[in-house]
Q: 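Here you go, one structure.
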There are 2 protein chains.
Amino acid sequence: MDANKIKEQVKIRFTEYLNENRHRKTPERFAILDHIYSTKGHFNVESLFQSMNSCNFRVSRATLYNTIELLLDCGLLIKHQFGENISQYERAIGNENHDHLICTSCGKVKEYKNGNLFTPAQQKKVQKFKVSYYSMYIYGICAKCLKEKQQAEKKNKSSKNT
Amino acid sequence: MDANKIKEQVKIRFTEYLNENRHRKTPERFAILDHIYSTKGHFNVESLFQSMNSCNFRVSRATLYNTIELLLDCGLLIKHQFGENISQYERAIGNENHDHLICTSCGKVKEYKNGNLFTPAQQKKVQKFKVSYYSMYIYGICAKCLKEKQQAEKKNKSSKNT
DNA sequence: ATGTATGCAAACCATTTGCAATGAC
DNA sequence: GTCATTGCAAATGGTTTGCATACAT
């Protein structure tokens, strides 16, 4: 039951994040996190909305967007935009890092697990997939924002102890 | 004047593409291609619209979208979506392949030219940029679409000689 | 009690679509 | 002359926003 271990871990991490940032620990937020970590593949807001409502838990789209924002911010969720105008998401933890093969004709996305060894320039055909170009996106925090964030945290902590 | 050489080349390639696909060679299409290949960085439809109209050439947004579609299809243009809901584009030829550093806080995008040597897992700090995750997107044509495309081409050629 | 989070509905805005006029073939 | 392409304006649809209500603190 590795899956449940991961669920516990991410719940702890999310709780910490909410505490640190003075956000409320609402049932909706934890339900959404749990639901997201119950599947491995990509999803979008609409499919998550359908899936949650039909299954057991009633949430509004607004809350989904809101919570997704938080999960992105604390690094538990990854956002993708594969050319379509619908944002795709996937859980960040317990998913090995993988490349994405995106067909520019039909838009289908295949995952391609290959460690970090893949160098597209050297290898023009992958799994019967004709590569036309590739992009490496590295998401993170730039120096300026990091500095601001650290200052905000410092301020936050000092006011906590007031 | 390497830039002009590139402009010539892409113009030839675009002409070939238009011929092959029985699309008309309108002045708008070539003006847009030329304009795109006059700058190196990222742009979006709005900025291209402003830039073209203010400079010299009057085009509608609809035509921009239309032409961009063609340029994407024939591999002369690359489309990016960096989390925002505005699509970004950049010329595909004469731009060395580069990674993109995207700040998840302020949304700014920096280019990071480093051949294909960069392995983020091994190197967590790049240029004072705190990496939280990365994605490699490989765009191309999947086997199914490639087959369909080849069949369509065959059909196209036979009808050409009728 | 206080004020953040939720849910609903309306607003937003990049992109797409419909259609009459234009112009490439 | 024919029909794809253009340009305009309206429609679309994912996402955001405003606000009254609910509920975590």
Side-chain angles (χ1 to χ4, degrees), chain A residues 11 14-33 35 42-53 56-74 77 79-89 107 156 159-160 162, chain B residues 11 14-33 35 42-53 56-74 77 79-89 107 156 159-160 162:
Chain A
K11 195 177 168 183
F14 193 34
T15 307
E16 284 172 2
Y17 170 81
L18 293 173
N19 282 334
E20 279 168 19
N21 293 276
R22 314 280 171 80
H23 290 135
R24 294 187 177 168
K25 292 178 281 299
T26 67
E28 285 83 1
R29 286 175 176 168
F30 287 105
I32 292 167
L33 178 67
H35 212 90
H42 297 140
F43 66 90
N44 57 53
V45 170
E46 194 53 32
S47 71
L48 182 58
F49 179 76
Q50 299 296 344
S51 147
M52 288 201 68
N53 279 306
N56 38 10
F57 206 94
R58 164 102 203 132
V59 253
S60 68
R61 268 169 264 258
T63 300
L64 287 180
Y65 280 109
N66 170 17
T67 304
I68 281 173
E69 204 52 48
L70 297 175
L71 291 173
L72 287 171
D73 189 44
C74 72
L77 190 61
K79 179 176 180 175
H80 293 299
Q81 287 178 291
F82 299 117
E84 318 283 302
N85 291 323
I86 309 173
S87 296
Q88 305 287 339
Y89 303 90
N156 204 10
S159 74
K160 218 182 211 168
T162 308
Chain B
K11 195 177 170 184
F14 193 34
T15 307
E16 282 172 4
Y17 170 81
L18 293 174
N19 282 334
E20 278 167 21
N21 293 275
R22 314 282 170 79
H23 289 135
R24 293 183 177 170
K25 294 178 282 297
T26 66
E28 284 84 2
R29 288 176 175 167
F30 286 104
I32 292 167
L33 177 67
H35 212 90
H42 297 141
F43 66 90
N44 58 52
V45 170
E46 195 53 31
S47 71
L48 182 59
F49 179 77
Q50 300 295 346
S51 147
M52 288 201 69
N53 280 307
N56 39 10
F57 207 94
R58 164 101 202 132
V59 253
S60 68
R61 267 169 265 255
T63 300
L64 287 181
Y65 280 108
N66 169 19
T67 304
I68 281 174
E69 203 55 46
L70 298 175
L71 291 173
L72 287 171
D73 189 45
C74 73
L77 191 62
K79 179 176 179 175
H80 293 299
Q81 286 179 291
F82 301 116
E84 318 283 302
N85 291 324
I86 310 172
S87 296
Q88 304 287 340
Y89 303 89
N156 203 9
S159 74
K160 217 180 208 168
T162 307

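Numbered from 1 within each chain, the chains take letters A, B, ... in sequence-line order. Keep in mind that the numbers below use all heavy atoms, side chains included, and drop hydrogens, waters and symmetry copies.
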Q: Under 4.0 Å, counting only non-hydrogen atoms across every strand here, what does N44(A) touch: a base, just sugar-phosphate, or nothing?
A: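 Counting heavy atoms under 4.0 Å across all strands, no contact is made by N44(A).
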Q: Side chain of T26(A): nearest nucleotide among dA24(C), dT6(D), dT6(C)?
A: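 Among the listed nucleotides, the one closest to the side chain of T26(A) is dT6(C).
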Q: Looking at dT15(C), I'd like to know if its phosphate oxygens (OP1 or OP2) sit under 4.0 Å from a side-chain N or O belonging to Y65(B).
A: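 For dT15(C), OP1/OP2 do have a side-chain N/O of Y65(B) under 4.0 Å.
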Q: What integer distance in Å separates L48(B):CG from dA14(C):P?
A: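 It works out to 15 Å between those atoms.
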Q: Using whole Å, what does the distance between atom C1' of nucleotide dT4(C) and atom CZ of R22(A) come to?
A: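 About 14 Å, once rounded to whole Å.
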Q: Can you give me the closest heavy-atom contact between L33(A) and K11(A), atom names plus distance?
A: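 Scanning both residues, the minimum pair turns out to be CD2-CA, 3.8 Å.
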Q: Looking only at atom types and distance, does a side-chain atom of Q81(B) sit under 3.5 Å from a main-chain N or O of S87(B), one as donor and one as acceptor?
A: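 Such a contact is absent between Q81(B) side chain and S87(B) backbone.
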Q: Check every atom of dA5(C), dG7(C), dG14(D) against the side chain of I86(A) and return the nucleotide holding the closest atom.
A: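 In terms of side-chain proximity for I86(A), the closest of dA5(C), dG7(C), dG14(D) is dG14(D).
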Q: In whole angstrom, give the distance that lies between atom CZ of F57(A) and atom C1' of dA5(C).
A: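 Between C1' of dA5(C) and CZ of F57(A): 13 Å.
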Q: Just compare dA24(C), dG7(D), dT6(C) and give me whichever is closest to any side-chain atom of N66(A).
A: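 That would be dT6(C).
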Q: On DNA chain D, compare the nucleotides closest to T63(B) and E46(A); which residue's is nearer the 5' end?
A: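 Its nucleotide being nearer the 5' end, the pick is T63(B).
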Q: Does OP1 or OP2 of dA14(C) have a side-chain N or O of S87(B) closer than 4.0 Å?
A: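 For dA14(C), neither OP1 nor OP2 has a side-chain N or O of S87(B) closer than 4.0 Å.
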Q: Between N85(A) and S60(A), just flag the one whose closest nucleotide in DNA chain C comes earlier from the 5' side.
A: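 On the 5' side of the pair lies S60(A).
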Q: Has the side chain of R61(B) got a donor or acceptor that lies under 3.5 Å from a partner of the other kind on the base of dC8(D)?
A: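 In this structure, the two groups form no donor-acceptor pair.
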Q: Using whole Å, what does the distance between atom C1' of nucleotide dT5(D) and atom CG of L18(B) come to?
A: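 It works out to 12 Å between those atoms.
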Q: Tell me: CZ of F49(A) to C1' of dT6(C), nearest whole Å?
A: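 So the two atoms are 13 Å apart, to the nearest Å.
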Q: Between R29(B) and dT5(D), is there a side-chain N or O to OP1/OP2 distance below 4.0 Å?
A: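 So the side-chain polar atoms of R29(B) do come within 4.0 Å of the phosphate oxygens OP1 or OP2 of dT5(D), strictly under.
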Q: So, under a plain 3.5 Å distance rule, would you say the side chain of R24(A) forms a donor-acceptor pair with the base of dT4(C)?
A: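 In this structure, the two groups form a donor-acceptor pair.
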Q: Using a 3.5 Å distance criterion without hydrogens, assess whether the side chain of N66(B) forms a donor-acceptor pair with backbone atoms of A62(B).
A: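 No.
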Q: Please give me the minimum heavy-atom distance between H35(A) and S51(A), naming the atom from each residue.
A: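 For H35(A) versus S51(A), the nearest heavy atoms are NE2-OG, 2.6 Å.
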Q: Do V59(B) and L48(B) have side-chain heavy atoms sitting under 4.5 Å apart?
A: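 A side-chain contact under 4.5 Å is absent here.
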Q: Mind calculating the distance between NE2 (H23(B)) and C1' (dC3(D)) to the nearest angstrom?
A: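 After rounding, the gap between these two atoms is 13 Å.
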Q: Using whole Å, report how far CG of N53(B) lies from P of dT6(D).
A: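 Roughly 14 Å, once rounded to whole Å.
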Q: Can you tell me the distance, in whole Å, between the CE atom of M52(A) and the C1' atom of dT6(C)?
A: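 Rounded to the whole Å, the gap is 13 Å.
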Q: Does E28(B) or Y89(B) map to a spot on DNA chain C nearer the 5' end, using the closest nucleotide for each?
A: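 Nearest-nucleotide comparison on DNA chain C picks Y89(B).
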